[in-house]
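Only one structure is covered here, and it is reproduced in the block below.
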Protein chains: 2
Amino acid sequence: MDMSERKRSILRAVIELYIKTAEPVGSKTLVQMPDFHVSSATLRNEMAELEIMGYLEHPHTSAGRVPTAQGYRFYVNELMNAYRLSVEEAERVRLAFQEKMAELGNMITKAGRMLSQMTQFPVYTMSSSTKAVPTVKRFELIPVDAYSFIIVIMTNTDVVKNRLVRLPFPQHPEGIRGLAVLLNRYFTDLPAKDFSEEAVERCAAAAGGAGALIAIVLEFARQVLDAQTDRGFYLTGTSNILNYPEYQDVNKARALMDFLTEENSGKLPEPDERDNVNIIIGPENVEKELRDSSVIVVSYDIGEGQKGVLGVVGPTRMDYAKVAARLSYIAQGLKRMLQGEALPPFEP
Amino acid sequence: MDMSERKRSILRAVIELYIKTAEPVGSKTLVQMPDFHVSSATLRNEMAELEIMGYLEHPHTSAGRVPTAQGYRFYVNELMNAYRLSVEEAERVRLAFQEKMAELGNMITKAGRMLSQMTQFPVYTMSSSTKAVPTVKRFELIPVDAYSFIIVIMTNTDVVKNRLVRLPFPQHPEGIRGLAVLLNRYFTDLPAKDFSEEAVERCAAAAGGAGALIAIVLEFARQVLDAQTDRGFYLTGTSNILNYPEYQDVNKARALMDFLTEENSGKLPEPDERDNVNIIIGPENVEKELRDSSVIVVSYDIGEGQKGVLGVVGPTRMDYAKVAARLSYIAQGLKRMLQGEALPPFEP
DNA sequence: CTTAGCACTCTTTGTTCTTGAGTGCTAATC
DNA sequence: GATTAGCACTCAAGAACAAAGAGTGCTAAG
């Protein structure tokens with residue numbers, strides 16, 4: 001049984017109708033469409049064959065057809081027309097970008113919120129370091145007054161963090177500056193776990209009076225380096241799923257929502273390849289909690305050694321073309337913003 | 001009609017049963033309790049009076065009694081026994097604090113997650129500045145190499161932020177250090193909106209070649225100061241509400257969930273007074289989206305000029321005593337952690 | 001004041017029946 | 001050989017109805 005042109009267009013019609021209505025599609029509905037000039041009986045025969053081929057299924061005898069995961073997959077790979085944002089929509093997004101991002105706050109967070117609002121689906125964002133082990137590239141200690149100084153730490157991932165430290169005893173600014181030199185000598189380009197006791201002692205010996213501060217600085221360095229492996233997880237719009245009939249069953253909704261949390265951020269799909277929009281359909285998901293849902297996910301470059309991940313979660317009946325288009329548009333904008341570029345009216 | 005001792009204990013029993021079961025409480029159920037040595041008829045009479053007094057109500061003729069908001073209020077004010085965490089529970093929390101907090105990340109966030117897990121309700125946290133207008137207390141510019149330097153900004157709220165700036169043209173370290181002095185002269189203790197054109201020009205004139213960098217530094221300062229008014233909102237455990245029968249109606253659940261978002265953080269209850277556990281019952285809420293729910297909220301001191309808010313949202317049928325106890329226990333722990341104290345086995 | 005008793009109300013649950021959408025199959029038609 | 005008309009069949013969903021059960025309010029007696 002081969003995939004005739006007519007079968008393809010029937011399959012496409014069934015899927016697109018089902019995406020819109022969430023109702024099983026029957027032969028009668030199809031016959032009313034202007035696209036088909038055949039009788040309902042013919043459509044029934046074709047649909048029966050599509051069912052045998054695995055693209056459609058049947059909740060029960062007297063119901064219309066519903067796409068299977070395999071059906072969606074075929075649709076995504078072969079049938080789907082690329083969705084192009086309308087000029088208005090693209091412009092609206094661009095303006096929102098300009099405006100919202102100017103408010104500062106976390107740009108990534110804001111972009112996630114925008115995307116969720118546009119798609120009406122939950123959206124997750126995270127960033128994951130691609131550089132293997134984070135190390136300190138440079139220590140900087142700035143004396144503020146006799147009782148306090150600021151630690152500034154730059155990592156090999158070009159992240160800069162600081163902390164104001166208050167001391168219970170006065171400390172000479174020169175001692176602090178000297179300590180910085182020593183710290184840079186002993187502890188740069190070293191993963192946190194290699195901050196050895198021994199090195200601390202040698203450094204303390206060289207530092208004299210300021211040696212007592214080493215532990216404080218290194219503790220902060222450890223925290224910063226640990227935070228580098230942090231996934232910076234953010235999630236919005238989960239409650240949107242309650243809008244869709246597939247999650248009217250509270251248990252299903254809860255199962256998905258419980259899964260979509262920071263704790264599980266490591267289990268959420270990440271794209272296999274940079275800048276590629278990945279579509280994972282229902283049972284294709286590794287995690288069983290996602291097997292009834294689909295995920296569209298993309299990654300984008302941010303700074304050196306870091307990539308960002310942006311994903312949309314929804315029912316398998318999801319307008320893949322539209323969501324993918326919006327997702328990649330936002331990712332594109334985000335990438336530019338993060339690189340500090342101005343925002344040209346980028347490609348829709 | 002006065003509130004006899006017996007009425008009080010009947011009211012308490014009804015409320016506590018209803019909190020446990022979410023089922024209307026009838027006279028038969030009460031008569032089975034060992035606490036009452038009267039007949040069901042007597043209980044019925046008493047309950048009818050409690051209903052007239054406004055503490056109970058009746059979904060329909062043949063149903064048991066359900067507490068009204070007024071009933072809960074009376075319970076909270078007069079009837080409720082303070083709930084004391086068991087030693088085991090307190091100890092468990094203390095250990096979790098020690099462990100989880102050591103992982104760093106945002107302590108407040110972690111505490112929120114713990115509380116949500118303990119109560120099985122959604123929890124929100126935010127911090128709000130109590131100091132009126134944020135200003136820069138001190139600018140610090142650290143030259144890194146000819147093409148880059150780090151801006152460090154300390155605010156009057158003792159927040160320190162920094163940013164690495166790359167320049168398209170080389171800049172002499174001395175010029176940068178000189179600029180720092182000028183910035184501190186012209187722009188400290190000044191709200192962001194008073195960074196006038198005029199002041200920028202005067203400063204630029206004095207700075208010479210490095211004057212071009214003023215705009216960059218001030219832009220960052222503006223961002224930092226704006227972020228100071230940020231509420232640092234965090235929310236967890238929203239999906240928990242789906243566990244409770246009062247939110248089995250998907251529309252109700254969605255209404256609440258849609259309301260519980262960052263955008264509405266300003267509308268969420270904040271305690272009237274520092275360190276006081278506030279209980280807001282159903283219709284007592286200002287926001288109509290919360291009128292079917294209750295909120296327990298507390299604030300705690302963090303650093304100077306900042307207070308933190310920690311709140312729990314749940315159905316009006318909520319174990320007020322238990323939740324309040326847990327909430328304030330966590331808030332207490334959080335406060336200590338944030339003040340950098342070690343964790344003694346604090347009061348349950 | 002308390003309680004036993006009883007009629008009454010209203011929700012909940014289960015049952016049965018009907019309706020209608022949609023199918024699969026067969027036989028006739030192009 | 002592909003298409004179509006026709007028809008019997010299936011099954012979910014909804015309506016209508018009945019029965020059960022929980023709980024009430026009231027009355028009259030203790």
Side-chain angles (χ1 to χ4, degrees), chain A residues 1-11 13-15 17-18 20-68 71 245-246 248-249, chain B residues 1-11 13-15 17-18 20-68 71 245-246 248-249:
Chain A
M1 205 169 339
D2 59 336
M3 197 63 170
S4 66
E5 196 49 49
R6 192 170 67 186
K7 276 207 186 59
R8 292 168 72 98
S9 68
I10 290 175
L11 181 57
V14 171
I15 292 183
L17 271 174
Y18 186 69
K20 233 188 259 154
T21 63
E23 297 288 328
V25 179
S27 53
K28 247 194 197 145
T29 324
L30 284 183
V31 102
Q32 283 162 17
M33 295 180 64
D35 316 28
F36 301 105
H37 302 280
V38 290
S39 74
S40 68
T42 309
L43 290 171
R44 275 202 295 285
N45 290 335
E46 292 281 51
M47 283 161 87
E49 291 185 9
L50 283 168
E51 183 166 347
I52 293 166
M53 293 163 82
Y55 296 120
L56 293 177
E57 68 186 344
H58 230 164
H60 55 264
T61 347
S62 70
R65 281 352 195 266
V66 165
T68 60
E246 23 276 283
Q248 283 304 330
D249 177 358
Chain B
M1 205 168 338
D2 60 336
M3 196 65 170
S4 66
E5 196 48 49
R6 191 169 67 187
K7 276 206 186 60
R8 293 167 71 98
S9 70
I10 290 175
L11 182 57
V14 171
I15 292 182
L17 271 175
Y18 186 69
K20 232 188 261 156
T21 62
E23 297 289 328
V25 179
S27 52
K28 247 195 198 143
T29 324
L30 284 183
V31 104
Q32 283 162 17
M33 295 181 63
D35 316 27
F36 301 106
H37 302 280
V38 290
S39 73
S40 68
T42 308
L43 290 171
R44 275 204 294 282
N45 290 335
E46 292 282 50
M47 283 161 88
E49 291 185 10
L50 283 168
E51 183 166 349
I52 292 166
M53 293 164 80
Y55 296 120
L56 294 177
E57 68 186 344
H58 228 163
H60 56 265
T61 348
S62 69
R65 273 11 189 255
V66 165
T68 60
E246 23 277 283
Q248 283 305 330
D249 177 359

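Convention: sequence-line order gives letters A, B, ...; per-chain numbering from 1. None of these values were measured; they are calculated from a predicted model.
Dashed line: the shortest gap from a side-chain N or O of B/Ser62 to OP1 or OP2 of D/dG23 is not under 4.0 Å. B/Thr61 has a side-chain polar atom (N or O) that falls below the 4.0 Å cut-off from OP1 or OP2 of C/dC10. For A/Ser27 and C/dT23, the shortest distance from a side-chain N or O to OP1 or OP2 is below 4.0 Å. Proximity of B/Arg65 to the phosphate of D/dG23: no side-chain N or O atom is located under 4.0 Å from OP1 or OP2. Checking the phosphate oxygens (OP1, OP2) of C/dT26, no side-chain nitrogen or oxygen of A/Arg44 falls inside 4.0 Å.
Going from atom CD of B/Glu57 over to atom P of D/dT24 covers 14 Å, rounded to whole Å. Regarding A/Leu43, its CG atom lies at a distance of 17 Å from the P atom of C/dC25, rounded to whole Å. Rounded to whole angstrom, the span from the NE2 atom of B/His58 across to the C1' atom of D/dG25 amounts to 9 Å. Between B/Leu17 atom CG and D/dA22 atom P the separation is 16 Å, expressed in whole Å. Atom CD in B/Glu46 sits about 15 Å away from atom C1' in D/dG25, given to the nearest Å. Taking atom CD of B/Glu49 as the reference point, atom C1' of D/dC26 lies 14 Å away to the nearest angstrom. The distance between atom CG of B/Leu30 and atom P of D/dA22, rounded to the nearest whole Å, is 15 Å. For B/Lys28 and C/dT3, the NZ to C1' distance is 15 Å, given to the nearest whole Å.
Between B/Ser40 and A/Ala41, the residue anchored nearer the 5' end of DNA chain C, judged by the nucleotide with its closest heavy atom, is B/Ser40.
The closest donor-acceptor contact from the side chain of B/Thr42 to the backbone of B/Val38 lies at 3.5 Å or more, if one exists at all.
Each of D/dG23, C/dT11, D/dT4 was ranked by its minimum atom distance to the side chain of B/Thr29; first place goes to D/dG23. The side chain of A/Val38 sits closest to D/dT4 out of D/dG25, D/dT4, C/dT23. Comparing C/dT11, D/dT4, D/dG25 by their nearest atom to the side chain of B/His60 picks out C/dT11. Distance from the side chain of B/Asn45 is smallest to C/dT3 among D/dT24, C/dT3, D/dT3.
Residue A/Leu11 holds its CG atom at 12.0 Å from CZ of A/Arg65, rounded to the nearest 0.5 Å. Atom CG of B/Leu30 is separated from atom CG of B/Asp35 by 9.0 Å, given to the nearest 0.5 angstrom. Atom CG of residue B/Leu43 and atom CD1 of residue B/Ile10 lie 5.0 Å apart, to the nearest 0.5 angstrom.
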Dump the intermediate steps for side-chain contact (heavy atoms from CB on, under 4.5 Å) on B/Thr29 and B/Glu23, then the final yes or no. CA-CA 11 Å; B/Thr29 324; B/Glu23 297 289 328; over 6 Å; no
